[in-house]
Protein chains: 4
Amino acid sequence: MTIAKKAADRPAAALASARRADLVRLAGELFAEKGFRATTVREIADAAGILSGSLYHHFDSKESIGDEILAGFLNDVLGGYRAAVAAESDPRATIERIVHSSATALTEHRAALTMLQNDWNHFSGQPRFAYLRAAMREIEQIWVTQLEAGKAAGLFRADLDAPLTYRLLRDMLWIPIHHRPGGDRGRGPDQVTEAFLRLLFDGITAAAPARKARRRTA
Amino acid sequence: MTIAKKAADRPAAALASARRADLVRLAGELFAEKGFRATTVREIADAAGILSGSLYHHFDSKESIGDEILAGFLNDVLGGYRAAVAAESDPRATIERIVHSSATALTEHRAALTMLQNDWNHFSGQPRFAYLRAAMREIEQIWVTQLEAGKAAGLFRADLDAPLTYRLLRDMLWIPIHHRPGGDRGRGPDQVTEAFLRLLFDGITAAAPARKARRRTA
Amino acid sequence: MTIAKKAADRPAAALASARRADLVRLAGELFAEKGFRATTVREIADAAGILSGSLYHHFDSKESIGDEILAGFLNDVLGGYRAAVAAESDPRATIERIVHSSATALTEHRAALTMLQNDWNHFSGQPRFAYLRAAMREIEQIWVTQLEAGKAAGLFRADLDAPLTYRLLRDMLWIPIHHRPGGDRGRGPDQVTEAFLRLLFDGITAAAPARKARRRTA
Amino acid sequence: MTIAKKAADRPAAALASARRADLVRLAGELFAEKGFRATTVREIADAAGILSGSLYHHFDSKESIGDEILAGFLNDVLGGYRAAVAAESDPRATIERIVHSSATALTEHRAALTMLQNDWNHFSGQPRFAYLRAAMREIEQIWVTQLEAGKAAGLFRADLDAPLTYRLLRDMLWIPIHHRPGGDRGRGPDQVTEAFLRLLFDGITAAAPARKARRRTA
DNA sequence: AATGAATGAGTTTTCATTCAT
DNA sequence: CATGAATGAAAACTCATTCAT
C-alpha cells in the first residue's frame, strides 16, 4: 500500500548506505533552494566534494534521487492523511489532524515541496512518477469527502462547493513551510498551522457581536 | 510609475509589429503549458512556423519575451490594486475590488502565472527582473495595510496576524486561473472568485444559529 | 511497402538538405571503418569540420543517422529481392538475379554492411529498428522459397535442407563488398559475384570426367 | 609455438584458481550474448555476485579476460588446423578434418566467436592482440594451400580462385555454432557440418540425370 | 523577414579502473 | 578476497545565440 519503490531491483546495500542517505539529503537541500531541474548533478557532486560521475555509483540517474525524495515525502503525507481518516472523528477534527500532520511532513521534507512546486510539469508527465498524480488524487478525494461529510453534519456551510473549496485551499496547504527559515520572525510552524486552521474555519471577519447580520450594511 | 519597459530601447517598428505580438502570444501559450525554462526557442519557432534563429529578428533574447509577458501582467495587476486602494472604500470592499481585478488580470495573462510559479527562482535572481520582487513587495504591502485597517475598524478579527494571513492567502490568490480551461465543469471565473471571497471572509464553518459560540480549535 | 521513414515528423527541409546528405555519407564512411558504436559523434563532426553539437542541428540523434543509412540499404536490397521474385523465372535464374542485385546494393552501401555485422546486437534490440528483423525475415523467406522451388523442379539437390543452407549462405552473401578496397588485387565485384554463384551452384569439386565415383564424406 | 600467455606474468595462484576460471566462463557467456565491448565489468561482477572492483583481484583488466578467452579459442582452432595438415592426406580429406575440428572448437568456445565477429575492430588494432591477425593469416594460408593442392591434383575445379574462395567461405566456417541453442530444430552440429561440406564440395545443383553424372545417384 | 548552418558552453550519463579498509 | 567509495576521461546530447546569405 505504500508508495516507496521496491528495493528489489538494485542491491539492497545500495539503498541502505549511509553515504547514499547523505547524498540524498544534500541533493534535497539544493533542490529546495533552486528547484530540481535548475540544480545540476555537478552542483550536487561539488557540494558532496566528489566528481559528478561518482554520483552514479550511488544512483542510476538524477531522476532517481528526485524519486527517492518525492516518494518519501508523499509516503509521509499520505500516511498522515490515512491515519487522520482512520481515527474516525467528526470532519472538523479530521481536517485538523490532516493539517497538523501535513505541517509536520512539510517540515521534514522541505525539498519535496519546492520540487513539486517548481517542477511539477517535469515530473508529472513521466510514467515513473505516476504515483505523484495518484497521490494528488487521493489527497483531493479525502478533502472533498471530509468537506461533504461536514456539510451533511451541519458543521460546514451548506452552500460550500467542496471540490472548488479544495482547489482554493490546495496551494495554501503547502505554505507553512514555504516560509524561509527565519523568514517568519517569531512564528513557528505551530502558530502558522493554527492561523491556517482559523482562517479556514472562520475566515477573517470579526464575529459580529451585536449585529444581527454577518454581512455589512454598506 | 509603470513597470513597462521604455519603448525607446528598441526600434519602434519592432514594438509596433503585429507579427511580434503574435509571437509573444504564441510563446506565452507554450510558457503557460510547460513553464518558461522548459520551453525551448525552437519550440516557439516551430509553433510560429519559422526557424529558431529567425526569432532573433523580433527579440534579442528569450528572456526579453518573458520580460514582455511578465511586465504586462504585473502592470495590469498592480493597476488593479492601485485603483482599488484609490477608491478609498472600507477595507472589505477594497479587498473585494482587488480580488475581482486580479481574477480579470489572471484570465487575460494565463502564461504569466505559470511562469511565476514554475520559474520564480530563475527570474527573481536576475537584475533585469528586479521589478518582480518590487511588485510582490507592493502587493504584500497593500494586503497587509488593508488587513490592518480592517482590524482597526473592527471588521476583521482582532487576533489576525496580517503578514502571516497574507502569506497564507497568497498562493490561493493565484488559483482562479490555475484551473485548466474546462477543468471546472460549470464554474466560471466569477463563481470561483465569489467562492474565494466567501472562504476568505467567513471560512467554511456553518453559522451557528442556536449555538452560543463557534470557537476555535485548541 | 517500403521501409523508409516517413518524412512527416520533421520539417521536410531537414531531410532534403544537401548538407545533411553530406553528413550522412561522411558518417557512413566512418561507420564502415570502425562500426557504429565505435564511432563517436565527435569523430563525425571532426570529419565534417564542425563541432559535435552542430550535428544535432541536422539529426536528432546519432541513432537517427544509423537509421537513415540502414533503412536506405535495406530498402535497396529488398527492392532487388522483390524484383527478382516478380520476374518469375526459374529458381536458379531468380537466385542469380538476387545475388547480382545484392552485390550492387552492397557496393553502394558499404557502411550499412559493417554496421549490421558489428552492431547487429545494438540495433536489433531497439523497437526503432524493428524493421531490421522484419527485413531479415523476408530475405530468409525468399531464399528458402526459391531453394524449395528449385528442389521441387529437380534443379537443386533433393536432400537440400533449405533453411540450413540459407543460414550457411547468409554471411557469404554480404562478402563481395566486404573486401577492403584494394584488398582484392585485380578482382572486381563482378568476378566476386560470379565466383560466389559458381561456388553456390557447383561447389569446388572438379567434374569427374572418367572416374567412377568420388566418395562422400561419411 | 602456442599463443597462450606465458604463465610467468602473473602469480601462479591466480591462474590456477578455480574462482578465476568461473569468472572467465561467466564473462564469456555475457560476451557471447552481447559482445565484448557492450558488456560492462559491472555486469560481469553482478553475474558473479561480487562488486566490479573485486574483479581486479583476479584480472588486471577487462581486456585480459578477453585475451584469455580468445587465446584459448585460437589455440584450439590452430591446433586442429595443424593436426589436419600434419595428417598428410589428400586436400579433400584435410579440409574435412579442418572443418570437423573447427566445429568442435566452436562448440566449446561459444563466446570467442561472438567476440571476434562483433569486436574484431576493437581487438585487431591493439598490439596485445597481434596474435589474432597472425592466426587469421595462418588459417587463410592453410586453406589457400589446400585449395591449390586440390586444384593441382585435379580434385577441385581448375578455374577456382583459391584466395577468393577462402574469403567467400570464411564467415560460413564460423556458423555451425552461431545457431542459437535450440534455434535449429532437430539439427545438431554434426548435421550442420555435413551440410556445409556438401555445399562446399558439390554446391546445390542436382546431378544432371542424362549426363554421365557428376554425383551419386541418391 | 527569414533561412541554414554553425557555435560554445553546458548537461546528464557511462565505465574501466584504483585503492584504503 | 571482497567492499565501498571514488576517479577521470569521454560519451551523447541540449540549447540560446550568432551571422552570412
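First the proteins, then the strands, lettered A, B, ... as listed; each starts at 1. FYI, side chains are in, hydrogens and waters are out, and symmetry mates aren't considered; it's all heavy atoms of this structure.
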Which pair of non-hydrogen atoms, one from [X] and one from [Y], has the smallest distance, and what is that distance?
X        : Y        : value
A:Ala135 : A:Leu74  : CB-CD1, 3.9 Å
D:Asn118 : D:Gly35  : ND2-CA, 3.8 Å
B:Ile69  : B:Ala111 : CG2-CB, 4.3 Å

Quick one: which of F:dT18, F:dA2, E:dT13 gets closest to the side chain of B:Tyr56? F:dT18

Quick one: does any side-chain atom of C:Arg42 pair with a main-chain N or O of C:Ser52 as donor and acceptor, under 3.5 Å? no

Does the C:Ser124 side chain pair with the main chain of C:Trp120, one donor and one acceptor, at a distance under 3.5 Å? yes

Tell me whether D:Lys62 forms a cation-pi arrangement with D:Tyr56, defined as NZ or CZ under 6.0 Å from the six-membered ring centre and within 45 degrees of its axis. no

With a cut-off of less than 4.0 Å, is there a side-chain N or O of [X] near OP1 or OP2 of [N]?
X       : N      : result
D:Arg37 : E:dC15 : no
A:His58 : F:dA6  : yes
D:Ser61 : E:dA16 : no
A:Arg20 : F:dG4  : no
A:Ser17 : F:dG4  : no

Nucleotides 7-10 of chain E: which of its N/O atoms have a protein N/O under 3.5 Å away?
residue : atom : partner : partner atom : Å
E:dT7   : OP2  : C:Leu51 : N            : 2.8
E:dT7   : OP2  : C:Ser54 : OG           : 3.1

Starting at the 5' end of DNA chain F and moving along, which residue's nearest nucleotide shows up first, B:Val41 or D:Leu23? D:Leu23

Between [X] ([atom1]) and [N] ([atom2]), how many Å, whole number?
X        : N      : atom1 : atom2 : answer
B:Asp46  : E:dG4  : CG    : P     : 13 Å
C:Glu43  : F:dA12 : CD    : C1'   : 13 Å
A:Phe36  : E:dT11 : CZ    : C1'   : 13 Å
A:Asp60  : E:dT14 : CG    : P     : 8 Å
C:Arg19  : F:dT21 : CZ    : P     : 16 Å
A:Phe59  : F:dA6  : CZ    : C1'   : 14 Å
D:His122 : E:dC15 : NE2   : P     : 13 Å
B:Lys34  : F:dT14 : NZ    : P     : 12 Å

How does DNA chain F look in dot-bracket notation if pairs are Watson-Crick or G-U with both distances under 3.5 Å, crossing ones as [ ], other-strand ones as |? .||||||||||||||||||||

More 5' along DNA chain E: A:Thr39 or D:Glu63, using each one's nearest nucleotide? A:Thr39

Salt bridge present between B:Arg25 and B:Glu68 (N-O < 4.0 angstrom): no

Pairing of C:Glu29 and C:Arg110 as salt bridge, 4.0 angstrom limit: no

Pairing residues for C:Glu63 by the side chain to side chain donor-acceptor pair (under 3.5 Å) criterion, not counting sequence neighbours: C:His122

So, taking the atom named CZ in C:Arg19 and the one named NE2 in C:His57, what distance separates them when rounded to the nearest 0.5 Å? 10.5 Å

